[in-house]
Amino acid sequence: MTTTPVGPVTVLGLGEMGRALAWTLVKAGAPTTVWNRTPGRDTDLVAAGARGANTPAEAVHDGGLLITVLLDHASVHDTLDPIAGALTGRRWLNLTSTSPEESRELARWAADHGIDFLDGGIMAVPPMIGTPASALLYSGSRTVFDAHRPLLELFGAAEYFDTDPGTAALLDFALLANMYLMFAGFFQGSAMARTAGFTAADFAARAVPWVTAMAQGLPEYARVIDSGDYTAEVQHLAFQKAALDAISRAATDAGVGDTLIAPLAALVDRQVAKGNGASAFARVTEELH
Ligand code: NDP
């Protein structure tokens, strides 16, 4: 007979991510109770050994770690407010994407009801859960993190930051901001390339190695930002302004427009107007604070 490494655990929310997490738990042999607002999302999980609950109250009755994987902050309150009294003394991990302030609000709400609260940010899409490519960021209750670490590591690499319940969410959204702007760059570039007859696939085949190579420069940008020394020998802000202006003209001439380029060009322009044209490109970060 094998021993159960983790559990018991209750998962509220069986959307794409909730199902991926619940399946990971069930496959690991954790006693898992699941609930979803719309019935029928648990059929295969129940067939595989999970216990399906009809209501949140019924689900949390089983005890163990409570995990919420719902749409947003409001849906967490919609689900937990009516059963707050049943959660006193429980440990709760919120994996719903909430802003740092929303995570802190959930932590205060939890404290008011005697619940130990850990917040998490999932740096993975559902098929990555349980694979080495998955990483989750945590902040809030160290007690909850330490007590359930083997369970958390089933989902992916588990990293704890600090007791501020907003820290994990902030880093999560910072990484997502980086990701979305990278996607925006692809949309801009592929739109321009398509006006010359290239398909988006043609462009992607070139963009992946190009962006991958350019990403290797991020640690050097980081070194400059962290040092606050913006001395630049080459590719200073005036050079970047000329490049961005040329890209804007190329995009506009192609009929694509510079909507996505313009905000970055504006930050560069403001730094140049302040007399920092000879500074390193990374000095644009000063415009973000
Ligand atoms: P889905 O849209 O697939 O599922 C949303 C879930 O929230 C469903 O279970 C839905 O129930 C439930 N829900 C929505 N509103 C309410 C409500 N008012 N009361 C109760 N339940 C509600 O989203 P995911 O599962 O993909 O995402 C869940 C969380 O995980 C989100 O916060 C998301 O940002 C985060 N996440 C998702 C990632 C992804 O790639 N999918 C990556 C990283 C984080 P119903 O079925 O009844 O509609």
Side-chain angles (χ1 to χ4, degrees), residues 73 97-105 107 119-123 135-140 159-192 203 206-254 256-289:
H73 178 255
S97 296
T98 47
S99 74
E101 273 312 311
E102 289 169 344
S103 297
R104 292 183 189 111
E105 188 281 331
D119 197 62
I122 305 172
M123 306 319 301
L136 284 82
L137 318 173
Y138 297 98
S139 68
E159 190 174 4
Y160 177 87
F161 292 94
D162 59 30
T163 55
D164 177 353
T167 302
L170 182 69
L171 191 54
D172 180 351
F173 284 115
L175 287 163
L176 290 180
N178 196 154
M179 178 193 79
Y180 274 106
L181 289 171
M182 184 267 292
F183 288 147
F186 176 73
F187 298 149
Q188 174 74 35
S190 59
M192 291 170 69
F203 187 73
R206 287 161 177 79
V208 170
W210 173 244
V211 172
T212 302
M214 290 301 99
Q216 306 313 306
L218 295 182
E220 176 56 17
Y221 281 122
R223 189 194 63 73
V224 171
I225 293 166
D226 288 339
S227 73
D229 177 1
Y230 296 109
T231 308
E233 297 295 323
V234 292
Q235 303 208 335
H236 43 63
L237 275 162
F239 169 91
Q240 303 293 356
K241 174 174 169 46
L244 286 164
D245 287 349
I247 295 166
S248 290
R249 288 196 301 279
T252 304
D253 291 349
V256 169
D258 64 351
T259 311
L260 291 168
I261 297 283
L264 177 60
L267 298 184
V268 172
D269 286 349
R270 292 204 315 244
Q271 275 292 315
V272 172
K274 288 175 180 170
N276 295 328
S279 291
F281 183 31
R283 194 162 191 167
V284 292
T285 58
E286 287 188 347
E287 295 299 325
L288 301 175
H289 291 285

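Each residue takes its place number in the sequence, starting with 1. Quick caveat: nothing in here was measured; it's all calculated off a predicted structure.
Residues D229 and T231 share a closest heavy-atom pair of OD1-OG1, 2.6 Å. In terms of heavy-atom proximity, A232 sits nearest to A278 at CB-O, 3.8 Å. Of all heavy-atom pairs spanning T98 and S103, the tightest one is OG1-OG, 2.8 Å. Across all non-hydrogen atoms, the minimal contact from A184 to L260 is O-CD1, 3.6 Å.
A salt bridge does not link R104 with D119: none of the charged nitrogens is closer than 4.0 Å to a carboxylate oxygen.
For residues 227-250, there are no ring-ring contact (aromatic ring centres under 6.0 Å, His included) pairs, not counting sequence neighbours. Among pairs with a residue in residues 218-228, those fulfilling side chain to side chain donor-acceptor pair (under 3.5 Å) read E220-R223, at least two apart in sequence or across chains. Sorted by first and then second residue, the pairs that involve residues 165-187 and meet ring-ring contact (aromatic ring centres under 6.0 Å, His included), not counting sequence neighbours, are F186-F203.
Listed by chain and number, the residues in a salt bridge (Lys or Arg N to Asp or Glu O under 4.0 Å) with D245 are K241 (sequence neighbours excluded). The side-chain hydrogen bond (donor to acceptor under 3.5 Å, both in side chains) search around S139 returns none, not counting sequence neighbours.
At distances below 3.5 Å, at least one donor-acceptor pair connects side-chain atoms of Y160 with backbone N or O atoms of D162. At least one donor-acceptor pair closer than 3.5 Å links the side chain of E102 to the backbone N or O of S99. In terms of modelled atom types and a separation under 3.5 Å, the side chain of Q235 and the main chain of Q240 share no donor-acceptor contact. Looking at E105, its side chain never comes within 3.5 Å of a backbone N or O of P100 through a donor-acceptor pair.
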Can you give me every donor-acceptor pair (side chain of residues 282-289, partner residue at least two apart or in another chain, under 3.5 Å) with its distance?
from, atom 1, to, atom 2, distance (Å)
R283, NE, E286, OE1, 3.1
R283, NH1, S279, OG, 2.9
T285, OG1, A282, O, 2.9
E287, OE1, R270, NE, 3.0
E287, OE1, R270, NH2, 3.3
E287, OE2, Q271, NE2, 2.8
E287, OE2, K274, NZ, 2.7

Please walk me through it: do I122 and D172 pass side chain to side chain contact (heavy atoms under 4.5 Å, CB included)?
-> CA-CA 7 Å; I122 305 172; D172 180 351; 5.9 Å; no

Stepwise side chain to side chain contact (heavy atoms under 4.5 Å, CB included) check, I261 with L244 = CA-CA 7 Å; I261 297 283; L244 286 164; 4.0 Å; yes

Side chain to side chain contact (heavy atoms under 4.5 Å, CB included) between V256 and T252: does it pass, once the steps are laid out?
-> CA-CA 6 Å; V256 169; T252 304; over 6 Å; no

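A heavy-atom distance below 4.5 Å is found between the side chains of V268 and F281.
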